[in-house]
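Below, all heavy atoms of this structure are taken into account, side chains as well, without hydrogens, waters or symmetry copies. In this chain, numbering begins with 1 at the start of the sequence shown. Computed from a prediction, not measured in an experiment: that's the story for all the values here.
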Amino acid sequence: EKPSYVKPLLKVVILSLVAVLAFSSRLFAVVRFESIIHEFDPWFNYRATAQLTNNGFYEFWNWFDERAWYPLGRIVGGTVYPGLMVTSGGIHYILNSLLHLPIHIRDVCVFLAPLFSGLTAFATYGFTKEIWNEKAGLFAALFIGIVPGYISRSVAGSYDNEGIAICLLMTTYYAWIKGVKTGSVYWGAVCALVYFYMVGAWGGYVFITNLIPLHVLLLMVSGNFSLRVYSAYSTWYILGLILSMQIPFVGFLPLKTSEHMAALGMFGLCQIYAFVLYLQSSMSKSELNRLLWGTFYIVLGLTVPGLMLLTHLGYVAPFSGRFYSLWDTGYAKIHIPIIASVSEHQPTTWTSFFMDLHVLAAFFPAGLWILFKNPKPERWFVVLYAITGVYFAGVMVRLMLTLTPVVVVCAAIAFSETWNTVFQKTDVQNSEAEQAKKAKKKKDEVEGESERAASSNVQTLSTMSMPKVFLSATLIIFLSIFVFHSTWVTSTAYSSPSVVLSTYRSDGSRTILDDFREAYYWLRMNTKDDATIMSWWDYGYQIAGFSNRTTLVDNNTWNNTHIALVGKAMSSNETRAYEIMSELGVNYVLVIFGGVIGYSGDDINKFLWMVRIAEGENPTEIREGDYFTARGEYKIDSEVSDRMKNCLMYKLSYYRFGEVKSSWNDPGGYDRTRGTEIGKKDISLSLLEEAFTSENWLVRIYRVLDPVNKEESNLPHKHVSSSSKISVGGRFKGTIKNKESMKKPVSNPKIISDKEYSTKNL
């Protein structure tokens, strides 16, 4: 007999190995590139975290960022979820001040998401264990550790809110299920505390705020509501409400917005339902039914008109546009184009489901069916989570992240039960074989010893060994394929930082394209500290984080009018754009151009969204149809419309590009991204001048001329031979026009480390 401590110790070892696996599988980006922040939003999060660690929590809470949304600025403390920054700042404080380990805040930010992915494995194990059993919990911990749907938001360098939010999501659900099963005020309070952490970390907390009341409503309708559920929900709601309102960005929203009304209404309904249960002992069944239905109609008759009246009077905010876009996929494109312009807000394709879930998508329905066949109050929560998660993930690809945990849980239950069924069937077959063997034994005593042995061996191979080996091998093959797929997707698709691009040559060697950091470093070193940069909002956070320069718009997208003004400038001719830029105090304009290297995420491909957003605010000046050809096509070749080829975006992207040859057989001005030769090559600028073009022409920066210098800009630039060639696969120097003298960077209180901008890294 095995000692009692072997099984718990084995579980701890397995979970620890899964946590290590989850952490290490997210380090491809660090190994291949370096310790760097990825994407766009993480750069603001990093900048805000640096502000917190350098100046303290009070200064961070009251930080007014004058470099954002010029000339408006941004009050950061009241417009941000601070949980991510506080978490990183706390870890940095412990490492540096308490343990005396000199760890830079950037490294803490880079490795925070992989660290929390290991904790997510523990939380998912606990949740699945409460729903089903320990075996399924171990499967779930393994799956959540390597599933691509979660890795896509938690690789090293992906310093975004989702990196810690999924861990908090599963921990909140675990505490809720414990509260439902035990009715303990303690677990209700734990659920409220983790929920408070979740509210401070991610705006997706609204999903929890509505899913838990929906679960309670289902338990009421199905007759499974009890005082345990009442105790857990009341404790969670009261404490969670009070705590969540301490976040400045949330404030009184739980009492004033339609997205939170379900939780408030369910709290009131719980009180009525509990009071009715209390009256059961003193009333007959018929009287109780009349009282129950009468109360229901009275509450319904008062709540719905009252909510409509409060909404009409402005006391309760109506549903937001983002909420409507979840139910009507065409709503955002018509009414809020800035939401529809974001790629991660598009509907999810089937290939994305397979890429992010792989074999788990096939086992997910099986696990859901097992839960249906074995209903319990806590298991209905998973069913609701699965139904709502599948719908929202189908509407918006970004919400694949919230679907992934429930797919992992259901698939783990299916794997566990399938494995148990295999061994249970084998055990039954062995029992039957033993009984048959005993009956045969008496007969074999007469027929002979050799015949008895042969019959016994054949029966064992046919009834026990072959089915067990075959079914077990099938499950192992499925798991192995899933592991290989997850590793491949993580390595190739989700471990490349957007600020550093890489390409592979025909011989398999890798080429690094570092144009983004090259351009941002040039801005930091060669422009004045108070220079204002105009670009599309995608690059606002990176410019502020890398270059520490003022931007007009950024990825916060809180002011659609201001973004539309930038879109209007990009869509207008040079003269009108100059007027807008002069009013806004713009010194430089930055555009992303991928025509040389075939980069599809450039501003020309995003330009129609700029036009649509600008048209929404300025319908008389900007019309989308003016940028199409006569046949209604969006082109930049010889059929390009007059409005398109004269707009600022076209000019800044293709300036001097007509003189460039990508290869010996390409005509000058051949756009590799669009696969065509541009329609206008003799582009001249009178109110702007080229200041910097990165090595691969990916980032182009133009200086806005002062009124005094406008006449000087009409002088011809130095001639560039039309026969000059650029090898796309090779390395060539960037072009700098009218280069200013190098100057020391303006002192910036340790927001960005000098190591990150070293010429060695560039």
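You'll find the side chain of V250 reaches within 4.5 Å of the side chain of Y81, heavy atoms only. The shortest distance between side-chain heavy atoms of W63 and R74 does not fall below 4.5 Å. Contact check for F44 versus V76: side-chain heavy atoms found under the 4.5 Å cut-off. A heavy-atom distance below 4.5 Å is not found between the side chains of Y541 and T551. In this structure, the side chains of P377 and K181 stay at 4.5 Å or more apart for every pair of heavy atoms. No side-chain heavy atom of I144 sits less than 4.5 Å from a side-chain heavy atom of Y125. M534 places a side-chain heavy atom less than 4.5 Å from the side chain of M581. Inter-residue side-chain proximity for F381 and F127 is flagged as met; some heavy-atom pair is nearer than 4.5 Å.
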ask   = ring-ring contact (aromatic ring centres under 6.0 Å, His included) between H260 and F252: does it pass, once the steps are laid out?
value = CA-CA 10 Å; H260 297 80; F252 285 92; over 10 Å; no
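Y197 pairs in a side-chain hydrogen bond (donor to acceptor under 3.5 Å, both in side chains) with only one of the listed residues (T171, T87, T172), which is T87. Of the candidates W380, Y173, W176, W176 is the only one forming a side-chain hydrogen bond (donor to acceptor under 3.5 Å, both in side chains) with H215.
Of the inter-residue distances, the one linking N210 atom CG with L214 atom CG reads 8.5 Å to the nearest 0.5 angstrom. T120 OG1 to L115 CG: the interatomic distance, rounded to the nearest 0.5 Å, is 9.5 Å. Within the model, atoms SG of C109 and CD1 of I36 stand 13.0 Å from one another, a figure rounded to the nearest 0.5 Å. With rounding to the nearest 0.5 angstrom, the CZ atom of F116 is 12.5 Å from the CD1 atom of I166. Summarising the geometry, atom OG belonging to S154 is positioned 3.5 Å from atom CZ belonging to R26; distances are rounded to the nearest 0.5 Å. To the nearest 0.5 Å, atom CD1 of residue I105 and atom CG of residue L95 are 9.0 Å apart.
Here E39 pairs with nothing under the salt bridge (charged side-chain N to carboxylate O under 4.0 Å, His left out) rule; sequence neighbours left out. With sequence neighbours left out, Y494 forms a ring pair (Phe, Tyr, Trp, His ring centres under 6.0 Å) with no residue at all. Every residue meeting the ring pair (Phe, Tyr, Trp, His ring centres under 6.0 Å) condition with Y195, not counting sequence neighbours, appears here in chain and number order: W236. Legend: residues meeting side chain to side chain donor-acceptor pair (under 3.5 Å) with H38, ordered by chain and number and at least two apart, are absent.
A donor-acceptor pair under 3.5 Å is absent between the side-chain atoms of S97 and the main chain of I94, judged by distance alone. Between the side chain of T124 and the main chain of A140, no donor-acceptor pair closer than 3.5 Å is present. Using modelled atom types, one side-chain atom of S547 and one backbone atom of Y520 make a donor-acceptor pair closer than 3.5 Å. A donor-acceptor pair under 3.5 Å links the side-chain atoms of T348 to the main chain of V397, judged by distance alone. Checked by atom type and distance alone, the side chain of D554 never pairs as donor or acceptor with a backbone atom of W537 at under 3.5 Å.
Checking N548 against R524 by side-chain atom types alone, no donor-acceptor pair falls below 3.5 Å.
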Output a table of donor-acceptor pairs, distance under 3.5 Å, between side-chain atoms of residues 558-566 and any protein atom two or more places apart or on a different chain; print 'none' if there are none.
unit_1 : atom_1 : unit_2 : atom_2 : d
N559   : OD1    : T561   : N      : 3.1
N559   : OD1    : H562   : N      : 3.0
N560   : ND2    : E617   : OE2    : 3.2
H562   : NE2    : Y70    : O      : 2.9

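Counting heavy-atom neighbours within 6.0 Å of F57 CZ, excluding the residue itself, gives a total above 12. Other residues, nucleotides and ligands contribute more than 12 heavy atoms inside 6.0 Å of the CZ atom of F64. With a 6.0 Å radius and a threshold of 12 heavy atoms from other residues, nucleotides or ligands, R228 has its CZ atom at or below the threshold. For I75, the CD1 atom sits in a loose shell: 12 or fewer heavy atoms of surrounding residues, nucleotides or ligands are nearer than 6.0 Å.
Applying the side chain to side chain donor-acceptor pair (under 3.5 Å) definition to pairs two or more places apart or across chains, those involving residues 155-165 are N45-D160, T49-Y159, S88-Y159, E162-R398.
Salt-bridge annotation for R549 and D529: present, with a side-chain N of the basic residue lying under 4.0 Å from a carboxylate O of the acidic one.
In terms of heavy atoms, I103 sits closest to N96 at O-ND2, 3.1 Å.
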